[in-house]
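In what follows, a structure is listed as structure tokens, so that the remarks can point back to it.
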Amino acid sequence: MEEQLSLIDLVLHASFTVQLVMALLLLASMLSWYMIVQRIIYFRNSHDDMINFEEQFWSGIDLSQLYREGNERAAEGQTIVGMESIFRAGFKEFSRLAQQPGMDSEAVIEGSRRTMRVAMLREEERLERHLPFLASVGSTSPYIGLFGTVWGIMHSFRGLANATQATLATVAPGISEALVATAMGLFAAIPAVMAYNRFAARVDMFTNRYDTFVDEFSSILYRQAYALRSREKKAG
Amino acid sequence: MSASIYARPVLPRIIVRPLLATLALHGLVVYLLTANWSSFEEKTITPQVIPKAIDARLVDVSEILPEPEPVKKPAPQPKPKPKPQPKPQPAAPKPKPKPEPKPVPEPAAPKPKPEPKPDPEPSREELLREQREQMAESLAREEAARAAATADEMAASYAALIQRTVTGYWSRPPSARNGMEVLLQLQLIPTGEIVDVRVLKSSGDTAFDRSAMNAVERAGRFPELKNLPPRKFEETFRRFRLLFRPEDLRY
């Protein structure tokens, strides 16, 4: 009591339950920050990739050549994610179906659209990874912190029951150390909630862009499929 | 079929940078919190205790307060001012010739001329009022300056007082040597009582440290600190350091 209370002392002298709560919150905070930074990097990379790919795609390059370039990069061990993986899924399916004789152009387009949708879901899954964790840290860690605080205060008041002369100095350190738990809960929760909201908006943006791309790309494929079939009819 | 999509469901591995960033951030937060926690102990100064053979008496607050009063001297200054002003009065009758206002370039000069003639009394009242205003103004200025000055002076004199009191109670152990020093940290409450004494930097000799602690504990409280304005108290005496260093020893 006489000595100056330092934060470290507060944490070290807390009761076991409160310490457990603090450890839990620290872990939650570390994990959520890890995920926040990881998501930031991932989103930035995918955004850059998307911009690059769109530029390439609309530059008038031959689509099969674009696909082959992707193949080369995949062979080098690079993982292809984002818009390009949607493109590759759609294009592969299209060329595969188009080679089969007797395939209706509608069916070809339908098939490649379906594959693209699957690829898009896959991408969404990648984008949304870790977001549920951030959401639950954001919503539960204040409560966990509050639990630690209530527990700590309960304890320090119970210690007061035995004291004949109760002064503020006998309860104050207990309450102070209990309040650290709430502070930690808030410290973990606030960035998690903010990051979750931001990332959810980012994911929406990405999905919209991918959706648009799928539509645009299938209209291109439509044109190609009809051109192909009409050529076949003329030839046949 | 669509194996190519599912063949590599792996995420691009982004691990190291987030990990580093996380650790750095938490380390920084912990550091800032712990550093800030203790930093407000450090802003206080050290009144040096130089033990002397002769013990001086405590300084009374009344001795400090009157000091600025002699500074009041500026107050009499306004008195000489009325002298120059009455002068225009005798001067006024001289330029009585009214046709001559034009040659006088100052328009302000002719105006006072007619006024003093009908009734010189209001002018004196005005002068008095002016004088009083000036007095009040200078007094207020002085007051402010004195308040600022006295707070510092008082703090300094109290520091000296604490130093002297503690020195008075200090009996050094025989193991004390020149060049030994122990730094204590004292914590006071506004009533002047010492709540906490801690050794910040030990001299290495426990008996010596103990003697310094004893001196502070025997001094117990400095009730004079009650007279200090609260803000000054918080600034200077809430927590401060005392350095004990015998310099008058022969060995």
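Because the structure is predicted, anything quoted here is derived from the model rather than measured. Throughout, protein chains are lettered first and strands after them, A, B, ... in sequence-line order, and every chain is numbered starting at 1.
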(request) For the residue pair Phe213(A) and Phe53(A), categorise the inter-ring angle as parallel (less than 30°), tilted (30 to 60°) or perpendicular (more than 60°). (result)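 The rings of Phe213(A) and Phe53(A) stand perpendicular, inter-plane angle above 60°.
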(message) Over 60° means perpendicular and under 30° means parallel, so tell me whether Phe206(A) and Tyr210(A) are parallel, tilted or perpendicular.
(response)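 The arrangement is tilted - the two ring planes meet at 30° to 60°.
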(request) Answer yes or no: is there a donor N or O on one side and an acceptor on the other, between the side chain of Glu123(A) and the main chain of Val81(A), under 3.5 Å? (result)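 Not a single qualifying donor-acceptor pair exists.
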(message) For a salt bridge (Lys or Arg N to Asp or Glu O under 4.0 Å) check, start with the C-alpha distance between Asp209(B) and Lys201(B), then their side-chain angles and the critical distance, and finish with the verdict.
(response) CA-CA 9 Å; Asp209(B) 292 358; Lys201(B) 218 170 70 194; over 6 Å; no
(request) Select one option (side chain, backbone, both, neither) describing which atoms of Leu20(B) are under 4.5 Å from chain A's heavy atoms. (result)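 Neither; nothing under 4.5 Å.
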(request) Pick one of side chain, backbone, both or neither for Leu19(B), based on which atoms fall under 4.5 Å of a heavy atom in chain A. (result) both
(message) Counting only non-hydrogen atoms closer than 4.5 Å, does Ser32(A) touch chain B with its backbone (N, CA, C, O), its side chain (CB onward), both, or neither?
(response)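 Nothing of Ser32(A), per the 4.5 Å heavy-atom cut-off to chain B.
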